[in-house]
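Reminder, nothing fancy here: chain letters follow the sequence lines and each chain counts from 1.
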Number of protein chains: 2
Amino acid sequence: MAANSRLTIAAHVLAWLALAQRRGQEILTSEQVAASVNTNPVIIRRSLGDLRRAGLVHVRRGAGAGWSLARAPEDITLLEVYDAVEQDPPFGMHHAQPNLECPVGLGIRPALGDIYGRVEQAMRQELAETSISDVLRETLRVR
Amino acid sequence: MAANSRLTIAAHVLAWLALAQRRGQEILTSEQVAASVNTNPVIIRRSLGDLRRAGLVHVRRGAGAGWSLARAPEDITLLEVYDAVEQDPPFGMHHAQPNLECPVGLGIRPALGDIYGRVEQAMRQELAETSISDVLRETLRVR
DNA sequence: TCCCGTTGCAATAGGTTCTGTTACAACGGG
DNA sequence: CCCGTTGTAACAGAACCTATTGCAACGGGA
């Protein structure tokens, strides 16, 4: 399972937007967000673009442009964020089609598909139980 | 979450070894396994090497060499297979360290670490409840 | 209407990972 | 000692991810 950081970036961005909102700064530019994540603004815009298409953030263009949360932080779950930024399933199938003349080669794909579906469902269940406000609360807790 | 097929390959290999064993063929060469998975024998040896280091299969060298299951199929869980072949966690952290002067940048990593830990635990729980004999049974079910 | 800061997006580069392939030394049962 | 198989290195090609530059498009405010 090769690990990309899309969910991490998106969660960071949303938590930062939630904190700024709470502090009275409703709108942030991609550059301001990038300063917290410590990456290039274009990376942030790509992530925020995914979140915008999923309806999780609003964008305002022209002068005084920037990004804001489309919903209250407690109403945005990590599952929605996950679906917004992630496309591939966690476990990949064979690259080449298995040998269909072997009984294992014939049935392994649907079998693993079912099993992986159950695993993914357990993962989604857990993601659905965590909101952006949960992420922010745990983030601000002193360690 | 970029998807590799390691778990799929390993599960296929073990299911095939389990079926061969049930049919009375205790030992298979990497070439025989590769014929079912439809890939290069070296790919299979790499996967079987991981499984051997985890104690899930035995290897025999010299003439008449090949691979066999080290335990009964019902005693090998997909969680053990997952741990044997997968090294990276499903969700990656930031590539560059976040800005530690921002309260979100400071606390986001441990916060997400905890959350990802819970998600991974849910996933592992589900993997632990499926054995190679379950995989083989679902594989041989007609669809 | 014009200005100007910001977004949206294409193009590109470098790094990493994965699969696949070839080659060959090492092993060990017969 | 033979010979089939394993173990592993080296390499190639593809795919993907992060990062960066550049620029057209947008639109609020003067």
Side-chain angles (χ1 to χ4, degrees), chain A residues 1-10 12-13 17 25-35 37-54 57-68 70 85-99, chain B residues 1-10 12-13 17 25-35 37-54 57-68 70 85-99:
Chain A
M1 206 179 275
N4 67 36
S5 59
R6 286 190 196 175
L7 183 59
T8 294
I9 300 296
H12 186 147
V13 167
L17 279 179
Q25 177 135 24
E26 200 72 29
I27 288 186
L28 293 180
T29 67
S30 63
E31 189 149 3
Q32 291 172 309
V33 176
V37 181
N38 188 24
T39 185
N40 193 288
V42 175
I43 302 289
I44 300 301
R45 278 183 235 151
R46 285 211 269 255
S47 180
L48 278 164
D50 288 337
L51 298 174
R52 171 176 54 78
R53 279 181 282 276
V57 297
H58 285 148
V59 62
R60 185 173 153 188
R61 303 196 61 175
W67 305 84
S68 57
V85 302
E86 208 70 49
Q87 43 193 342
D88 293 329
F91 303 107
M93 280 295 167
H94 311 65
H95 280 201
Q97 189 178 53
N99 182 351
Chain B
M1 207 181 277
N4 66 35
S5 58
R6 287 190 194 177
L7 183 58
T8 294
I9 300 297
H12 186 148
V13 167
L17 279 178
Q25 176 136 22
E26 200 73 27
I27 288 186
L28 294 180
T29 67
S30 62
E31 189 150 3
Q32 290 171 309
V33 177
V37 181
N38 189 24
T39 184
N40 192 288
V42 175
I43 301 289
I44 300 301
R45 278 183 234 152
R46 285 208 272 252
S47 180
L48 277 164
D50 289 336
L51 298 173
R52 172 177 55 77
R53 280 181 281 276
V57 298
H58 285 149
V59 64
R60 186 173 152 187
R61 303 195 60 174
W67 306 84
S68 57
V85 301
E86 208 71 49
Q87 42 192 341
D88 293 330
F91 302 107
M93 281 294 167
H94 310 66
H95 280 200
Q97 189 178 53
N99 182 354

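- The separation between B/Ile44 atom CD1 and C/dG20 atom C1' is 12 Å, rounded to whole Å.
- For the pair A/His95 NE2 and C/dT19 C1', the interatomic distance rounds to 6 Å; values are reported in whole Å.
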Which is it for B/Leu48 and B/Leu17 under the side chain to side chain contact (heavy atoms under 4.5 Å, CB included) test, yes or no, and what are the steps along the way? CA-CA 11 Å; B/Leu48 277 164; B/Leu17 279 178; 4.3 Å; yes
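- In this structure, the side chains of B/Ser68 and B/His58 come closer than 4.5 Å at one or more pairs of heavy atoms.
- A/Asn38 places a side-chain N or O within donor-acceptor distance of the main-chain N or O of B/Gln97, the cut-off being under 3.5 Å.
- Put simply, A/Thr39 has no side-chain N or O that comes within less than 4.0 Å of OP1 or OP2 on D/dT18.
- The separation between B/Asp88 atom CG and C/dT16 atom P is 13 Å, rounded to whole Å.
- Distance CG/A/Asn4 to CG/B/Asp88: 11.0 Å, rounded to 0.5 Å.
- The salt bridge (Lys or Arg N to Asp or Glu O under 4.0 Å) pairs that include a residue from residues 42-53 of chain B are B/Asp50-B/Arg53, where partners are two or more places apart or lie in different chains.
- Exactly one residue among A/Thr39, A/Val57, A/Val42, A/Ile9 makes a side chain to side chain contact (heavy atoms under 4.5 Å, CB included) with A/Ser47. That residue is A/Ile9.
- Listed pair B/Ser5 / C/dC18 fails the phosphate criterion, with no side-chain N or O lying under 4.0 Å from OP1 or OP2.
- Going from atom CG of A/Asn4 over to atom P of C/dC18 covers 13 Å, rounded to whole Å.
- Across the strands present, C/dG30 finds its partner in D/dC1; the criterion is a Watson-Crick or G-U wobble pair with both atom distances under 3.5 angstrom.
- Residue B/Glu26 contributes atom CD, which lies 18 Å from atom C1' of C/dG29 at whole-angstrom precision.
- Look at CG on A/Asn40: it is 7 Å from P on D/dT21, rounded to the nearest Å.
- The distance from atom CG of A/Asp50 to atom P of D/dT18 is 11 Å, rounded to the nearest whole Å.
- By the 4.5 Å heavy-atom criterion applied to side chains, A/Arg60 and A/Ile27 are counted as neighbours.
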For a quick check, with a 4.0 angstrom heavy-atom cut-off, what is the B/S/- contact string for nucleotides 4-14 of chain D, read 5' to 3'? BSBBB-B----
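- Atom P of nucleotide C/dT19 and atom CG of B/Asn38 are separated by 14 Å, given to the nearest angstrom.
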